[in-house]
Participant: 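For reference, the structure I am asking about is given below.
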Number of protein chains: 2
Amino acid sequence: MDDLVTHTEPQPAATPGTPSWAPQHDPKEPETFAECTRAMVPVHEVLAQISGKWTILVVQALSAGPQRFSEIKRRIDGVSQKMLTATLRDLEKDGFVSRTVTPSIPPRVDYALTEMGRELQEPLKVIGNWAHANRHRVEEARERFAEREEEAKRLAW
Amino acid sequence: MDDLVTHTEPQPAATPGTPSWAPQHDPKEPETFAECTRAMVPVHEVLAQISGKWTILVVQALSAGPQRFSEIKRRIDGVSQKMLTATLRDLEKDGFVSRTVTPSIPPRVDYALTEMGRELQEPLKVIGNWAHANRHRVEEARERFAEREEEAKRLAW
DNA sequence: CTGGATCCTATCTGATACTG
DNA sequence: CAGTATCAGATAGGATCCAG
């Protein structure tokens, strides 16, 4: 019982070149790892944006069609007005959501996914499905990690 | 020129039911929006994890094969030892990365993607490709947003 | 070599109150 | 109704020093 080694497969030992994933590049133009890292920056920015506490839920809510501020707020349980405003602003800034103001009294503001926002749903669906399908595996992994932690504590005393 | 309306398509008006994306469900078991929202929680947790400042880069680095702590650190420009440790710990906790300790002197610790970690690369690749392919659209959207902001400022004075 | 412990800063989030 | 302002608490990230 070698608990320390979770190693499932030896894997072909580190190849120092370009990682396999992320944007595919022209094989004629080999990239250094540093260049590849730089290429990942926009990827991270998008991920950082969509992983805001409320972003996914807002996109999800808007996937049902254009809605007013209060409709969205009602749909999303627990969101504060401040955070919903901020989230919508960020999504608008990046071009995922459109904001339509009707200067009436009282004012009316409608939000909707833009073409790009709807396109974003596809990759989001992929990772969403993956996360949903694997949530139990992650939970189990966390439990095993917690057990190993307690085990380590007991050994320390 | 109706700048306020970015609306590209009217879209079929909000349908109050289940959003179209996220984990597909059995059509025989219609979910309320609240239930669907709850189903998104694990999705968000995974996204929150992989959107840490260094997580993607670590997974990317490890996609080249098992490596020691210092190798990973060398690959990732600018990461502090503290954050790399924390990121690796979190990835280990969720079962994406395995940690192998060789109690020699000096100690040697190898990290590698687990089977689940390698599976994660696929959805990550999808969203990575999307982000990379659309980075210019996002940039343009941000510029247009900044312009609209300045325009609004000028009108305010 | 690896990584824990501390201290410090920046950002995020939430609750409340106020405005057009 | 929609949104801004403010204040306080929680977290993430980083720098540095110490230890097995």
Side-chain angles (χ1 to χ4, degrees), chain A residues 4 14 41 44-45 47-58 61-62 66-93 97-112 145 148-149 152-153 155-156, chain B residues 4 14 41 44-45 47-58 61-62 66-93 97-112 145 148-149 152-153 155-156:
Chain A
L4 284 178
V41 173
H44 172 262
E45 280 180 6
L47 276 175
Q49 167 60 27
I50 66 180
S51 69
K53 189 169 179 181
W54 305 103
T55 309
I56 321 178
L57 295 174
V58 169
L62 284 175
Q67 286 156 77
R68 304 184 55 170
F69 184 90
S70 46
E71 289 180 75
I72 303 171
K73 187 168 188 322
R74 223 173 304 124
R75 277 173 186 265
I76 302 176
D77 191 54
V79 68
S80 67
Q81 145 273 103
K82 169 186 171 181
M83 290 316 297
L84 182 53
T85 301
T87 303
L88 285 166
R89 222 31 113 251
D90 286 339
L91 285 171
E92 187 198 357
K93 185 184 320 190
V97 159
S98 67
R99 182 168 177 273
T100 310
V101 179
T102 308
S104 57
I105 299 177
R108 175 196 178 96
V109 182
D110 288 273
Y111 293 91
F145 186 86
R148 270 176 290 167
E149 243 182 354
K153 262 187 198 169
L155 293 176
Chain B
L4 284 177
V41 172
H44 173 264
E45 280 180 5
L47 276 175
Q49 166 59 29
I50 65 182
S51 71
K53 189 169 180 181
W54 304 103
T55 309
I56 321 179
L57 296 174
V58 169
L62 284 175
Q67 287 156 75
R68 304 183 55 170
F69 184 89
S70 45
E71 289 179 76
I72 303 170
K73 187 169 190 319
R74 223 174 303 123
R75 278 173 186 266
I76 302 175
D77 191 52
V79 68
S80 69
Q81 152 269 103
K82 170 187 171 180
M83 288 319 295
L84 182 53
T85 301
T87 303
L88 286 166
R89 222 30 111 253
D90 286 340
L91 285 171
E92 188 199 358
K93 185 183 324 189
V97 159
S98 66
R99 181 166 177 274
T100 310
V101 178
T102 308
S104 57
I105 299 180
R108 176 196 177 95
V109 183
D110 288 273
Y111 293 91
F145 185 86
R148 270 176 291 168
E149 241 182 357
K153 262 186 197 169
L155 291 177

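Lettering follows sequence order; numbering is per chain, from 1. The basis for the numbers below is simple: all heavy atoms, side chains too, and nothing from hydrogens, waters or symmetry mates.
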Participant: Which one, C:dG4, C:dT2, D:dA2, comes nearest to the side chain of B:Thr85?
Facilitator: C:dG4
Participant: Is a side-chain donor or acceptor of A:Ser104 paired with a backbone partner of A:Pro106 at a separation under 3.5 angstrom?
Facilitator: yes
Participant: When you measure from the side-chain N and O atoms of B:Ser80 to the phosphate of D:dG13, is any distance below 4.0 Å, counting only OP1 and OP2?
Facilitator: no
Participant: When you measure from the side chain of A:Lys53, which nucleotide among C:dG14, D:dG3, D:dG20 comes out closest?
Facilitator: C:dG14
Participant: Just N and O in the side chain of B:Arg68: are any of them under 4.0 Å from OP1 or OP2 of C:dC1?
Facilitator: no
Participant: Looking only at side-chain atoms of A:Arg99, point me to the closest of D:dG3, C:dG14, D:dA2.
Facilitator: D:dG3
Participant: With the side chain of B:Met83 defined as its heavy atoms from C-beta on, choose the nearest nucleotide among D:dA2, D:dG13, D:dC1.
Facilitator: D:dG13
Participant: 5'-most contact on DNA chain D: A:Lys82 or B:Trp54, nearest heavy atom basis?
Facilitator: A:Lys82
Participant: Less than 3.5 Å between a donor and an acceptor, one on the side chain of B:Gln81 and one on the base of C:dG4, is that the case here?
Facilitator: yes
Participant: Rounded to the nearest Å, what distance is computed from the CD atom of residue B:Gln67 to the P atom of nucleotide C:dT2?
Facilitator: 12 Å
Participant: Decide, yes or no, whether a salt bridge links A:Glu92 with B:Arg148 under the criterion of side-chain N to carboxylate O below 4.0 Å.
Facilitator: yes
Participant: Just by modelled atom types, is the A:Ala61 backbone N or O under 3.5 Å from a matching donor or acceptor in the A:Gln67 side chain?
Facilitator: yes
Participant: Within the structure, does a side-chain N or O atom of A:Tyr111 lie under 4.0 Å from either OP1 or OP2 of D:dC1?
Facilitator: no
Participant: Take A:Val79 and A:Pro106, find for each the nucleotide of DNA chain C with the closest heavy atom, and name the residue whose nucleotide sits nearer the 5' end.
Facilitator: A:Val79
Participant: Any side-chain to backbone donor/acceptor pair from B:Thr87 onto B:Thr55? Under 3.5 Å, distance only.
Facilitator: no
